[in-house]
J.: 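Pasting a structure here, questions to come.
As the structure lists them, so they are numbered: ligands from 1, and atoms in each ligand from 1.
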Amino acid sequence: MFFARFSAVLLLASFSVAVPSGSLDDQWVYLNKTVDGRLHTAVPFARPCFQQSTLSGSYDEAACLSVETNYLNATVRSGTFATYMATQSETCQKTDAQCTLDWQNITDPAASAAPRTCSQGSISPYYASFANFVSSLLLIFSNQIDVKCAKDVQAAFAFSEKTGVHVVIKNTGHDYKGRSSSPNSLGLWSHNLKSMSYIRQFRPQGCPSHTTFSAATIGAGVQHTELFEFAEAQGVTLPGGACSSVGVTGGYLQGGGHSWLSNIYGLAVDRVLEFEVVTPTGQHLFANACQNSDLFFALRGGGGGTFGFVLSATTKALPKVSYTSVEVTYASDNTTLPKFVSFLISNAVQWSLDGWSGQIRPGSKLVLTAVNTTEAEATAYMSSLRDLATEINGTFSVATTPSYLAFHKTFVIPDALNELDGIPQTIGSRLISADTFADHPDELLSSLLNIVSASAVSFIFANAPYSVSQDASLGPASVTPAWRTSVWHVIAGAGWTFDTPPEVQSLLYAGITASIDPLRAITPSSGAYQNEADLHEPDFSTAYWGENYARLEQIKRKYDPNHLLDCWNCVGWKGANDTLFSCYL
Ligand SMILES: Cc1cc2nc3c(=O)[nH]c(=O)nc-3n(C[C@H](O)[C@H](O)[C@H](O)COP(=O)(O)OP(=O)(O)OC[C@H]3O[C@@H](n4cnc5c(N)ncnc54)[C@H](O)[C@@H]3O)c2cc1C
Ligand SMILES: *[C@@H]1O[C@H](CO)[C@@H](O)[C@H](O)[C@H]1NC(C)=O
Ligand SMILES: *[C@@H]1O[C@H](CO)[C@@H](O)[C@H](O)[C@H]1NC(C)=O
Ligand SMILES: *[C@@H]1O[C@H](CO)[C@@H](O)[C@H](O)[C@H]1NC(C)=O
Ligand SMILES: *[C@@H]1O[C@H](CO)[C@@H](O)[C@H](O)[C@H]1NC(C)=O
Ligand SMILES: *[C@@H]1O[C@H](CO)[C@@H](O)[C@H](O)[C@H]1NC(C)=O
Ligand SMILES: *[C@@H]1O[C@H](CO)[C@@H](O)[C@H](O)[C@H]1NC(C)=O
Ligand SMILES: *[C@@H]1O[C@H](CO)[C@@H](O)[C@H](O)[C@H]1NC(C)=O
């Protein structure tokens with residue numbers, strides 16, 4: 001009875017449900033028992049604000065008030081299963097079935113009053129929440145992690161295999177391409193896997209005894225603020241992404257993982273030493289350079305939600321250092337903007353070679369950071385940038401921050417656009433290879449100016465790991481090799497209102513694709529960063545993985561032969577016609 005609604009959905013979607021023992025309801029009940037009652041019903045976040053709904057529950061003024069207060073709060077949203085950063089992932093875009101509020105005016109009744117109706121959209125109706133059963137302290141000594149948790153994940157894959165119900169892994173729900181939600185699926189939620197441990201002499205399993213690293217083992221649910229605070233407390237550096245609430249070892253790491261300082265520290269995949277993972281074939285494995293190295297390669301850039309459920313990842317812990325950052329702010333107009341961007345194009349490659357890394361908002365500011373440089377040296381090195389700042393009536397300043405956490409708090413967090421949570425939005429991007437700056441400076445300038453004027457948001461991440469050498473002992477990573485020959489990762493973004501109709505949303509997607517096309521034209525052998533890319537990236541497998549794609553497909557076939565884990569434009573993608581993607585535009 002309890003699962004009646006879900007069963008009905010399944011029948012309508014005519015899944016071929018093969019249940020060897022007991023009905024589908026029995027299977028759900030069995031799964032819930034296996035995971036010790038941690039199978040939950042996922043109710044859309046804004047359900048209490050709607051009078052009318054296809055779902056159970058009812059309007060509740062007090063509960064609605066709390067939803068309104070927290071609707072755009074990244075901490076609350078990432079700690080709630082049924083919410084996604086880009087809210088179209090909660091909705092069924094194709095049918096416009098949704099349960100979202102007017103993000104521009106949260107109390108606007110036009111979003112939630114009848115005839116508008118709250119629907120399940122793309123949110124998994126049921127989800128299993130995984131948790132650690134062993135304390136972090138024990139993990140340090142055992143290196144044999146949570147067997148119970150692994151068993152729970154194995155049970156979820158077995159359930160999927162038996163019933164034909166798709167599984168989808170959700171961590172923070174920050175994915176731009178909806179890869180952590182899917183209608184009628186079973187959600188596997190990693191959020192509560194919060195263990196962290198620092199290990200002075202970590203030896204990856206199966207590696208020779210002299211192979212040890214200063215490292216940290218990070219549970220699948222840990223988010224970046226938690227990581228930076230932990231590193232600070234341990235007196236080490238664990239670099240990570242710009243958005244405090246993005247997960248550390250989920251889609252971020254498995255897709256590549258850049259930071260403002262990735263031209264100093266490399267990508268997240270360049271520092272990871274080992275993954276603990278449960279594969280859809282039911283194996284509980286430790287993958288590193290010495291054992292299961294094919295899976296290790298795949299998880300270092302092949303993409304999240306594709307090869308297995310990562311329970312934790314162990315990553316290098318680096319010495320704590322201080323950072324010297326140069327900041328320019330200015331008010332752009334149609335004289336200063338081209339001047340500023342041309343200057344960037346002329347200097348980008350040299351800055352990158354000399355180890356500077358950071359983020360640029362072409363229309364308003366730049367932050368570039370280096371290590372092993374005094375403020376006086378930085379000021380001297382950047383003297384022409386300071387002259388330009390004066391010329392465009394901007395500000396120029398240099399500051400030292402004593403740790404990664406301090407750097408993050410001083411420069412990254414105040415950059416509020418890094419947290420646009422609860423808003424329907426999309427982006428497109430391109431990795432700009434070093435040769436482009438000399439070969440096509442004029443086209444690069446005009447493309448960037450178009451992007452700045454046409455997009456709601458635009459970023460230049462001047463942080464491709466161009467000056468960073470990789471640790472050869474780890475073997476190759478599977479991200480596109482274009483990351484290694486590029487200097488910039490350029491992003492254009494668009495958003496829309498709660499009531500934008502699907503056909504207008506389609507036009508916005510097409511507009512993003514078109515705005516990146518001129519960059520694609522001048523960087524034909526480059527690629528794009530899969531985690532921050534166009535939903536309709538042309539030739540996505542080449543763009544995201546280049547020459548690594550063929551090997552990734554083989555590895556996918558080995559560890560997920562029955563496609564229990566599939567996602568949009570992921571390795572092994574069978575096309576948009578899969579019922580998993582019935583809500584995509
Ligand atoms: C505001 C904002 C800022 C960002 N800043 C950066 C940045 O600085 N650098 C950067 O590189 N990227 C950045 N990103 C992009 C980010 O890398 C992606 O959004 C990424 O998909 C987030 O991963 P997640 O696990 O937190 O999110 P989710 O949406 O929960 O998951 C993303 C994908 O990973 C899979 N996945 C999650 N957990 C696991 C697991 N345990 N095992 C296997 N698969 C899993 C999911 O199935 C899904 O396919 C940013 C995104 C946002 C929204
Ligand atoms: C799973 O079991 C627990 C404990 O028995 C129960 O509280 C919960 O409602 C069940 N979940 C579902 C989705 O039925
Ligand atoms: C978001 O919610 C958290 C947790 O309740 C709270 O600590 C924080 O202050 C909130 N942030 C904002 C900007 O309101
Ligand atoms: C928000 O919605 C309320 C209720 O409809 C309305 O009174 C108010 O003017 C709106 N505010 C803005 C800024 O649009
Ligand atoms: C500069 O921008 C303004 C509006 O911001 C516009 O009216 C003007 O035509 C632009 N000038 C040139 C030369 O493009
Ligand atoms: C900074 O200096 C330290 C100590 O000399 C060195 O180990 C490190 O590699 C340097 N970092 C960079 C990015 O040059
Ligand atoms: C320079 O900026 C200041 C304030 O930041 C402003 O008052 C002034 O008009 C600007 N001058 C020019 C020439 O734009
Ligand atoms: C997907 O479906 C569309 C419309 O139903 C059809 O035209 C197309 O051929 C299908 N593509 C594949 C690869 O099956």
Side-chain angles (χ1 to χ4, degrees), residues 66 69-70 72-79 81 84-86 89 130 153 167-182 187-191 193 219-224 239-265 267-269 275-279 299 302-313 318-319 321 354-357 359 370-373 412 415-421 423 425 427 429 457 459 461 463 467-469 479 489 491 493 529-533 565-570:
S66 160
T69 306
N70 292 306
L72 301 174
N73 183 315
T75 311
V76 173
R77 291 187 76 90
S78 63
F81 175 80
Y84 290 81
M85 185 269 320
S89 300
F130 301 106
V153 178
V167 288
V168 57
I169 303 170
K170 191 215 173 192
N171 185 22
T172 67
H174 270 70
D175 199 65
Y176 282 103
K177 296 192 293 198
R179 293 175 297 175
S180 41
S181 71
S182 176
L188 309 184
W189 198 30
S190 60
H191 177 73
L193 293 167
V222 172
Q223 292 165 274
H224 275 105
C243 175
S244 305
S245 57
V246 164
V248 176
T249 69
Y252 169 83
L253 168 63
Q254 294 166 54
H258 69 78
S259 68
W260 281 31
L261 304 188
S262 43
N263 189 36
I264 297 171
Y265 292 118
L267 300 173
V269 290
F275 290 93
E276 182 185 8
V277 55
V278 174
T279 64
L299 292 170
T306 305
F307 301 97
F309 187 105
V310 167
L311 293 169
S312 70
L318 305 163
V321 296
D354 291 336
W356 293 87
S357 190
Q359 186 202 242
V371 292
N372 298 344
T373 305
V412 186
D415 201 69
L417 269 179
N418 282 313
E419 293 271 5
L420 288 176
D421 229 298
I423 299 172
Q425 57 189 295
I427 55 179
S429 70
V457 291
F459 297 94
F461 279 96
N463 68 351
S467 74
V468 182
S469 50
V479 289
H489 161 46
I491 297 182
Y529 176 40
Q530 64 189 291
N531 281 346
E532 295 176 317
L565 281 177
D566 275 352
C567 46
W568 182 264
N569 282 8
C570 293

J.: Under 4.0 Å, counting heavy atoms only: does G257 come that close to any atom of ligand 1?
T.: yes
J.: Pull out every atom of ligand 1 sitting under 4.0 Å from any heavy atom of N171, numbered as shown with elements.
T.: 24 (P), 25 (O), 26 (O), 30 (O), 37 (C), 38 (N)
J.: Which atoms of ligand 1 have any heavy atom of Q254 under 4.0 Å away?
T.: 40 (C), 42 (N), 43 (C), 44 (N)
J.: Side chains of Q223 and T172 only: does a donor on one sit below 3.5 Å from an acceptor on the other?
T.: no
J.: Kindly confirm or rule out an N or O of N73 lying under 3.5 angstrom from an N or O of ligand 3.
T.: yes
J.: Using a 4.0 Å heavy-atom cut-off, which part of A242 comes near ligand 1: side chain, backbone, both, or neither?
T.: both
J.: For G308, counting its heavy atoms only, list the atoms of ligand 1 lying under 4.0 Å from any of them.
T.: 42 (N), 43 (C)
J.: Which is closest to atom 28 (P) of ligand 1 in terms of heavy atoms, A313, G178, G251, G173?
T.: G173
J.: Which part of M85 is near ligand 1, with near meaning a heavy atom under 4.0 Å away: side chain, backbone, both or neither?
T.: side chain
J.: Under 4.0 Å from a heavy atom of G304: which atoms of ligand 1 are those, numbered in the order shown and with their elements?
T.: 34 (O), 35 (C), 44 (N), 49 (O)
J.: Any atoms of ligand 1 less than 4.0 Å from a non-hydrogen atom of G250? List them with their elements.
T.: 25 (O), 37 (C), 38 (N), 39 (C)
J.: Examine the proximity of ligand 1 to Y529 and report which part, side chain or backbone, both or neither, has a heavy atom under 4.0 Å away.
T.: side chain
J.: With a 4.5 Å heavy-atom cut-off, do V168 and S181 have their side chains touching?
T.: no
J.: Against heavy atoms of G247, which atoms of ligand 1 measure under 4.0 Å?
T.: 26 (O)
J.: State, to 0.1 Å, how close C567 and G305 come at their nearest heavy-atom pair, and which atoms those are.
T.: SG-O, 3.6 Å
J.: Going by heavy-atom distance to atom 14 (N) of ligand 1, choose the closest among H174, E532, Q223.
T.: E532
J.: Side-chain contact, heavy-atom cut-off 4.5 Å: W260 with D415?
T.: yes
J.: Which residue and atom name correspond to the protein heavy atom nearest atom 13 (C) of ligand 6, and how close is it?
T.: V371 CG2, 3.5 Å
J.: With a cut-off of 4.0 Å, which atoms of ligand 1 are near a heavy atom of A220?
T.: 41 (N)
J.: Any chance you could lay out the side chain to side chain contact (heavy atoms under 4.5 Å, CB included) test for Q254 and F275, step after step, and finish with the verdict?
T.: CA-CA 10 Å; Q254 294 166 54; F275 290 93; 4.3 Å; yes
J.: If you have a sec, work out which protein heavy atom is nearest atom 12 (C) of ligand 6 and how many Å separate them, to one decimal?
T.: N372 ND2, 3.4 Å
J.: Taking 4.0 angstrom as the limit and counting only heavy atoms of V76, give me the atoms of ligand 3 inside it, by number and element.
T.: 2 (O)
J.: Side chains of H224 and Y252, heavy atoms from C-beta outward: is any pair under 4.5 Å?
T.: yes
J.: Under 4.0 Å from a heavy atom of G241: give me the atoms of ligand 1 that qualify, with their elements.
T.: 8 (O)
J.: Decide yes or no for Q425 and Y176: does some side-chain heavy atom of the first lie under 4.5 Å from some side-chain heavy atom of the second?
T.: yes
J.: Measure the NE2-CG distance between H174 and N531 for me, rounded to the nearest 0.5 Å.
T.: 12.0 Å
J.: Is a side-chain donor or acceptor of W189 paired with a backbone partner of N171 at a separation under 3.5 angstrom?
T.: yes
J.: Give a yes or no on whether atom 9 (O) of ligand 3 lies under 4.0 Å from any heavy atom of the protein.
T.: no
J.: Indicate the atoms forming the closest heavy-atom contact of A86 with D175, along with that distance.
T.: CB-O, 4.4 Å
J.: Does ligand 1 have any atom sitting under 4.0 Å from a heavy atom of A74?
T.: no
J.: Does any non-hydrogen side-chain atom of I264 lie less than 4.5 Å from one of V468?
T.: no
J.: Mind checking whether Y84 and F81 have parallel, tilted or perpendicular rings, split at 30° and 60°?
T.: perpendicular
